Protein chains: 2
Amino acid sequence: MPSSTVENYLKQIFLEQQINGNDIVAMGKLSERMEVSPGTATSMVKLLDKSGLVNYEPRNGSILTNKGSEIAIHVLRRHRLIELFLVKELGLDWSEVHEEAETLEHSISDKVLEKIDIKLGHPSVDPHGDPIPSAEGKIERKKLVNLADCHAGQVARIGRILDQNSEFLKFINKYGIRPGQIVEIKDHDTIADAVNLAPKNNQPVTLGMHAASKISVEIIDKSSKNEINKRQSQSSNT
Amino acid sequence: MPSSTVENYLKQIFLEQQINGNDIVAMGKLSERMEVSPGTATSMVKLLDKSGLVNYEPRNGSILTNKGSEIAIHVLRRHRLIELFLVKELGLDWSEVHEEAETLEHSISDKVLEKIDIKLGHPSVDPHGDPIPSAEGKIERKKLVNLADCHAGQVARIGRILDQNSEFLKFINKYGIRPGQIVEIKDHDTIADAVNLAPKNNQPVTLGMHAASKISVEIIDKSSKNEINKRQSQSSNT
DNA sequence: ATTTTTATTTTGATTAACCAAAATTATGTT
DNA sequence: AACATAATTTTGGTTAATCAAAATAAAAAT
Ligand SMILES: [Mn+2]
Ligand SMILES: [Mn+2]
Ligand SMILES: [Mn+2]
Ligand SMILES: [Mn+2]
């Protein structure tokens, strides 16, 4: 029933809430994410408030209601199942499925969605490592650590790629960096601002800290004894 | 680039041209097919004319230009490939795929479409027996005969179902009537206004003439010596 | 040849999304 | 506190797609 425009607004508010700790979302952030002018976002949010999908506090921002949240999660489920389907069943490259899913997420019926879910065996993560919400709307989040905060000697499993950029995805894929892959952190050099890592069965690569911060991992061995990891490791991916 | 609304107008004009022998399409027919008011169809057609997609003759009707025709055929290709994909790969029932395809035909990229085409092995007909245009826009039409015009004793292959109605499709499917199926015409009774036929490996069924006229077939044996078949056997299906 | 009926077009309005630029309010800085 | 900057809202306007009802034209019937 909600238009695809409304679905997109709700999804963006949801994603922003995910990374800001469920705080109210500023109009500026929303208009930026939606790539519309600030005034457009304001008037849309007023309508969403009237429909009971968000709570809008003028001069402050908006936050999803339960109803809005449910819709957003359902859109996200569609998006991510479609991405995985396109990769697994139709053989598209993981670097190109995000754009495709961006439109298909609004045109697939629940019936088709559940067929896809069954065919894929009720998967829990999409090609970028983003969690796929269950049909009931539960999202299982793993506690992941930012690759930029790892230490030399640690062994980790790639969890999630926090950047949908097609070039970036193609690049890291070439070096064997993708969700599920085991990597060993060979070196973490703060001065050089770089991390050197060796994905299992692949050549080692050096990533600048900024690029490394786009990848979050699950430490599985040689947990170093140093300070607490500090970098934001949540994603706003879809 | 054309909106899904424009794609739908072009598709409906195309389908109407198919059954009226490529004649100009009256505004009334178009507005009826599009389920919009006559005035709406008029103003849209003027725009389509301005964009070079149709030629509009006021007080008369409109006809597709080559450019408009190309787009319409491409939409039809998407529609029919999607229908077949939903049946073959996702296990939906042929009675429900038309509605699904009606929206998906506007949201699937060429890249995904060609993957689907490959996966299905470049099929030439959709689940209702409607021809699938090639990527180059060629449509291969078989010369089919209306079941209502067949004669007792003839053996035929079901070609095309000229009615997308879900209930109708479920009904005939239950009796083994579907594209490709071989049937023997047991009786054709003009007085009773009914046709009795026996699909291979199925119980015989009796269909009223009106229902029978929704099915077109290819005669493969015992071609009767009588008059030329007269009933319209073309389809406006998608 | 009129009159009636039907088909089509025109007119005037509406709704969802949007933008640019002006007005307002809040925040930060001297 | 006063001023400057940044964020947000308001205002006025646009475009695509639609409708209802009035006006017009063509076709059919008398
Ligand atoms: Mn995505
Ligand atoms: Mn994703
Ligand atoms: Mn169809
Ligand atoms: Mn079909």
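Small disclaimer: the values here were computed from a predicted structure and weren't measured. Order of the sequence lines fixes the chain letters, A, B, ..., with proteins taken first and strands second; residue numbering starts at 1 for each chain.
- Regarding A/Met27, its CE atom lies at a distance of 16 Å from the P atom of C/dA26, rounded to whole Å.
- Nearest nucleotide to the A/Val36 side chain, out of C/dC19, C/dT8, D/dA17: C/dC19.
- Residue contacts for B/Ser31: at a heavy-atom cut-off of 4.0 Å it reaches no nucleic acid atom on any strand shown.
- Between A/Glu100 and B/Lys115, no side-chain nitrogen of the basic residue sits less than 4.0 Å from a carboxylate oxygen of the acidic one, so the salt-bridge criterion is not met.
- Put simply, CZ on B/Arg59 is 4 Å from C1' on D/dA25, counting in whole angstrom units.
- Of the charged side-chain nitrogens involved, none lies within less than 4.0 Å of a carboxylate oxygen, so that B/Glu99 and A/Lys111 do not count as a salt-bridged pair.
- Separating the CD atom of A/Glu35 from the P atom of C/dA17 is a distance of 17 Å, rounded to the nearest angstrom.
- Considering only the side chain of A/Thr5, C/dC18 comes nearest among C/dC18, D/dA26, D/dT8.
- Between C/dA16 and A/Tyr9, no contact under 4.0 Å exists linking OP1 or OP2 to a side-chain N or O.
- When rounded to the nearest whole Å, the span between CE of A/Met34 and C1' of C/dC19 equals 15 Å.
- By the 30° and 60° cut-offs, the orientation of the rings of B/His128 relative to B/Trp94 is parallel.
- Taking the charged nitrogens against the carboxylate oxygens, A/Glu105 and A/Arg77 have no contact shorter than 4.0 Å, which rules out a salt bridge.
- Contacts of residues 37-58 of chain A with DNA chain C (heavy atom under 4.0 Å): A/Ser37, A/Thr40, A/Met44.
- Atom-to-atom, CG of A/Leu30 to P of C/dA17 comes out at 14 Å; the value is rounded to the nearest Å.
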